[in-house]
Asker: 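Dropping the structure in here first, questions after.
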Amino acid sequence: MFRRYGFLEVKFYPEDNSESKSETFANKRDGGKLSGAQKEELMDQVKQQVAVLLAQELLQKITDKCFRKCITKPGTSLDNSEQKCLSMCMDRYMDSFSLVSRTYAGRLQRERGQL
């Protein structure tokens, strides 16, 4: 079941026959106006979907970059140097991503504190 909220289309999966919050969204017939709790739940769902997409994108980037860097002759198995290169490449990429994420989050917190 789909419901459109402005530019956003949300798919709902009813879990059982009882009325869940998602079903309440889908059954609402008041012109698309949401209560505060409904807006909060919708935002939580969107945040979760964005987090999943970002994790998938990160994994895809790591795979692409490290494969191009470390695998010179694709075959049925990896030799020791390729395994070591992949491991180090992935570790460096994750460490860098973590550092940038922490720094960015800290910067956002400082800016919010200044407002």
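Note: hydrogens, waters and symmetry copies are ignored here, and every other heavy atom, side chains too, is used.
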Asker: So, taking the atom named CD in Gln60 and the one named CG in Asp64, what distance separates them when rounded to the nearest 0.5 Å?
Answerer: 4.5 Å

Asker: Donor-acceptor pair, distance only, cut-off 3.5 Å: does the side chain of Glu82 make one with the backbone of Asp79?
Answerer: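 Yes, Glu82 side chain to Asp79 backbone: donor-acceptor pair under 3.5 Å.
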
Asker: List the steps, then state whether side-chain contact (heavy atoms from CB on, under 4.5 Å) holds for Thr103 with Arg107.
Answerer: CA-CA 6 Å; Thr103 303; Arg107 182 176 178 186; 5.7 Å; no

Asker: As an exercise, state the distance from CD1 of Ile62 to CZ of Arg92, rounded to the nearest 0.5 Å.
Answerer: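 With rounding to 0.5 Å, CD1 (Ile62) is 12.0 Å from CZ (Arg92).
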
Asker: Distance from Glu41 atom CD to Gln45 atom CD, nearest 0.5 Å?
Answerer: 5.0 Å

Asker: Could you state the interatomic distance from CE (Met43) to CD (Glu40), rounded to the nearest 0.5 Å?
Answerer: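 Reported to 0.5 Å precision, the distance equals 10.0 Å.
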
Asker: Tell me if a side-chain donor or acceptor on Ser98 pairs with a main-chain N or O of Met94 at a distance below 3.5 Å.
Answerer: no

Asker: Rounded to the nearest 0.5 Å, how far apart are CG of Leu86 and CG of Leu78?
Answerer: 6.0 Å

Asker: Are any side-chain N or O atoms of Ser87 and backbone N or O atoms of Gln83, one a donor and one an acceptor, separated by less than 3.5 Å?
Answerer: no

Asker: Between the side chain of Gln38 and the main-chain N/O of Ser35, is any donor-acceptor distance below 3.5 Å?
Answerer: yes

Asker: Please check if Tyr93 and Phe67 belong to a single hydrophobic cluster, counting links between Ile, Leu, Val, Met, Phe, Trp and Tyr side chain heavy atoms closer than 4.5 Å.
Answerer: no

Asker: When rounded to the nearest 0.5 angstrom, what is the spacing between CG in Leu59 and CG in Leu54?
Answerer: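 Reported to 0.5 Å precision, the distance equals 12.5 Å.
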
Asker: Can you confirm whether the thiol sulfurs of Cys66 and Cys85 sit closer than 2.5 Å?
Answerer: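 Between Cys85 and Cys66 there is no disulfide, given that their SG atoms are not under 2.5 Å apart.
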
